[in-house]
Amino acid sequence: MKGSVLWNKELSEGYYRLRIQCPDIAAEARPGTFLTIRISELYEPLLRRPFTIYSYDPGRGTVDVVYKVVGVGTLLMSERRRGDKLDLLGPLGNGFVIPSNEENMVLVAGGTGIAALYSLAEKVVAGRGGAEITALMGGSGAPDIICIDDFERLGARVLVATEDGSMGEPGSVTDLLKSQLKGALHACDFTLYSCGPRDMLREVARLAEHHSLPCIVSLEGRMGCGIGACLGCVIRILPELIDVEKAPVPVYRRICRDGPVFNAAEIDWDAV
Amino acid sequence: MDIVETKPKLEVALGPLKLNNPVIAASGTFGYGLEFAHRVDLNRLGGLVVKGLSLEPRPGNPQPRLAETTAGLLNSIGLQNIGVHAFLDEKLPELSHYQCSILANIWGNDSEEYAQVAAILDGAEGLAGVEVNVSCPNVKEGGAQFGTDARKTFEVVAGVRKATRMPVIVKLSPNVTDIKAIARAAEEAGADALSVANTFLGMAIDIRERRPKLSTITGGLSGPAIKPLALRLVWETVNAVNIPVIGVGGIVSAEDALEYIIAGAHAVEIGTANFLNPMACIKVIDDLESYLLEYNIQDINDVRDTLRTS
């Protein structure tokens with residue numbers, strides 16, 4: 001599918017937001033789904049790269065993705081300019097089950113994990129219910145904290161933690177979550193949603209289990225085909241949840257097709 | 001004067017197996033076909049080979065299973081598959097509606113298991129043949145253990161030959177010193193065709209973690225980087241056996257496919273290219289047709305084995 005670049009803005013050092021004109025994808029996009037982009041017409045990098053959809057507008061026919069430059073593929077993406085044509089596949093993935101707009105949400109994001117969570121929050125708020133949204137954002141330092149304005153515009157309560165203390169609370173976002181769970185969020189009713197580095201997700205899942213909170217995660221991972229055929233992107237899920245007569249142990253699910261959104265309680269975090 | 005322009009012929013025959021065109025989607029890159037069905041018109045493919053099937057379902061290898069290399073991809077999936085029975089119950093019925101030839105890649109722990117899987121698939125409605133995987137480099141037993149030994153290859157293929165009357169293709173391992181010996185053994189054992197070749201053993205290292213990029217340390221390399229290597233093996237095999245050879249390795253374009261066909265391949269398999277572009281196979285078919293039209297060649301078979309070496 002063809003799309004074209006409308007703009008490609010640097011949000012902070014190494015982080016970018018890219019707006020793509022692609023009415024077909026904008027029409028089908030849902031929160032928690034992603035695109036793959038063929039970065040090079042030739043073979044370096046070889047594979048398409050996945051980008052989570054941050055926001056989409058079916059009326060205007062646009063889709064936004066947020067990404068960090070971490071390697072050759074994303075570096076080339078950061079050099080795309082207005083009018084450049086893009087080779088796109090999407091929307092891919094299962095996406096979030098949209099909660100009722102009265103259910104409170106606590107979002108825990110690390111770095112570009114913010115993308116999936118913003119798409120969800122934007123959709124929920126559009127439903128104009130009474131849901132309270134709290135967004136906890138974390139990273140190594142201030143440049144990793146992106147898109148705060150967008151969340152505040154949605155009416156979310158935004159809390160920040162950085163490892164180096166350059167913005168918000170010093171420490172990890174999971175430390176921040178822990179203190180919130182003892183403080184402002186204590187004995188509150190909400191669902192946890194999280195997206196970001198694996199170590200962060202593992203800890204969020206552990207806290208959710210400890211506090212008996214429902215927890216939904218969106219996973220990122222290296223992908224081959226991106227459409228569920230090659231089995232390169234799998235994660236392990238807990239065998240107890242499967243009919244082991246029918247499935248061999250260990251049991252794997254594809255992030256690109258069975259996910260990227262999963263119930264945190266299903267995932268075998270020891271293998272992640 | 002009327003000039004009647006007939007469409008060039010793309011039909012090819014791999015012994016008893018007739019294909020509408022010489023382009024086959026390779027095993028492991030196309031799932032069970034259905035994953036691509038709403039993006040790609042499967043009817044247009046010459047054939048597709050489903051993911052390797054074993055007697056019992058297999059979970060596959062731990063992560064990491066993929067590592068990108070320069071113009072290449074290392075994989076160590078480990079033959080994760082739903083097992084031959086689930087394939088027959090859940091996948092083949094829907095697949096059999098398509099006009100392309102459906103081929104089942106098969107694997108076993110030992111030659112008895114290969115024969116068992118072949119027997120279970122024998123005569124299945126909608127199945128056009130089997131491709132015997134004696135070449136997977138990512139499993140501890142079976143796979144390349146057989147394909148690196150002429151006698152073991154013979155044993156496995158002979159067992160499969162006895163177990164089924166369907167066309168039998170044998171997918172050879174490139175990780176051998178002399179592929180001609182393995183190819184001849186497969187031919188003697190009754191193979192109808194050979195696919196050359198499976199992935200090349202390779203590895204990659206994460207220098208920050210000082211760890212291999214794949215969980216199994218080594219894996220199979222595919223993609224454009226391997227084309228010169230696989231092409232040489234195809235040419236050698238073509239000149240060593242009398243049965244048709246399917247060329248596979250790094251094909252992303254019709255030009256690549258033509259190199260294999262000129263070297264003597266009856267057909268080609270396309271794998272990693274499907275990840276770059278799900279329409280890769282279709283594009284190659286269209287571009288092959290354009291090539292024949294442009295050069296006024298009536299039949300793709302006229303291009304085959306036309307390499308000039310003197």
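Side chains included, hydrogens not; waters and symmetry mates left out as well; all remaining heavy atoms used. Numbers restart at 1 for each chain; the letters A, B, ... are given by sequence-line order, proteins then strands.
The environment of NZ in Lys123(A) is sparse: at most 12 heavy-atom neighbours from other residues, nucleotides or ligands sit within 6.0 Å. Atom CZ of Arg211(B) has 12 or fewer neighbouring heavy atoms from other residues, nucleotides or ligands inside a 6.0 Å radius. Leu229(B) CG: more than 12 foreign heavy atoms inside a 6.0 Å radius. The number of heavy atoms from other shown groups lying within 6.0 Å of CD (Glu41(A)) does not exceed 12.
Contact of Pro278(B) with chain A is made through the side chain alone, with heavy-atom distances under 4.5 Å. Using a 4.5 Å cut-off between heavy atoms, Arg58(B) contacts chain A through its backbone alone, with no side-chain atom that close. The parts of Gln80(B) that come within reach of chain A are both its backbone and its side chain, each placing non-hydrogen atoms under 4.5 angstrom from that chain. With a threshold of 4.5 angstrom between heavy atoms, Arg257(A) approaches chain B through side-chain atoms but not through N, CA, C or O. With a threshold of 4.5 angstrom between heavy atoms, Leu66(B) approaches chain A through its backbone and through its side chain. Neither the backbone nor the side chain of Ser76(B) comes within contact range of chain A; no heavy atom of the residue lies under 4.5 Å from a heavy atom of that chain. Contacts of Pro62(B) with chain A are made by both backbone and side-chain atoms, with heavy-atom separations under 4.5 Å.
Tyr43(A) places a side-chain heavy atom less than 4.5 Å from the side chain of Val252(B). The shortest distance between side-chain heavy atoms of Arg222(A) and Arg65(B) does not fall below 4.5 Å. At least one side-chain heavy atom of Thr272(B) sits less than 4.5 Å from a side-chain heavy atom of Leu46(A).
Heavy-atom pairs under 4.5 Å with chain A peak, among Phe36(B), Tyr32(B), Phe30(B), at Phe36(B). Of the residues considered (Ala271(A), Gly228(A), Gly232(A), Ser40(A)), Gly232(A) shows the highest number of contacts with chain B, using heavy-atom pairs under 4.5 Å.
Gln63(B) places a side-chain N or O within 3.5 Å of a backbone atom of Val234(A) that can act as its donor or acceptor partner. Looking at Glu35(B), its side chain never comes within 3.5 Å of a backbone N or O of Ile227(A) through a donor-acceptor pair.
Shortest non-hydrogen contact noted between Tyr252(A) and Gly60(B) is CE1-O, 3.9 Å.
Here the SG atom belonging to Cys230(A) is positioned 5.5 Å from the CD1 atom belonging to Ile77(B), to the nearest 0.5 angstrom. Between Thr70(B) atom OG1 and Glu44(A) atom CD the span is 5.0 Å, to the nearest 0.5 Å. Here the CG-CG distance, from Leu231(A) to Asn81(B), works out to 9.0 Å after rounding to the nearest 0.5 Å. Atom CG of Leu276(B) sits about 9.0 Å away from atom CG of Asp87(A), to the nearest 0.5 Å.
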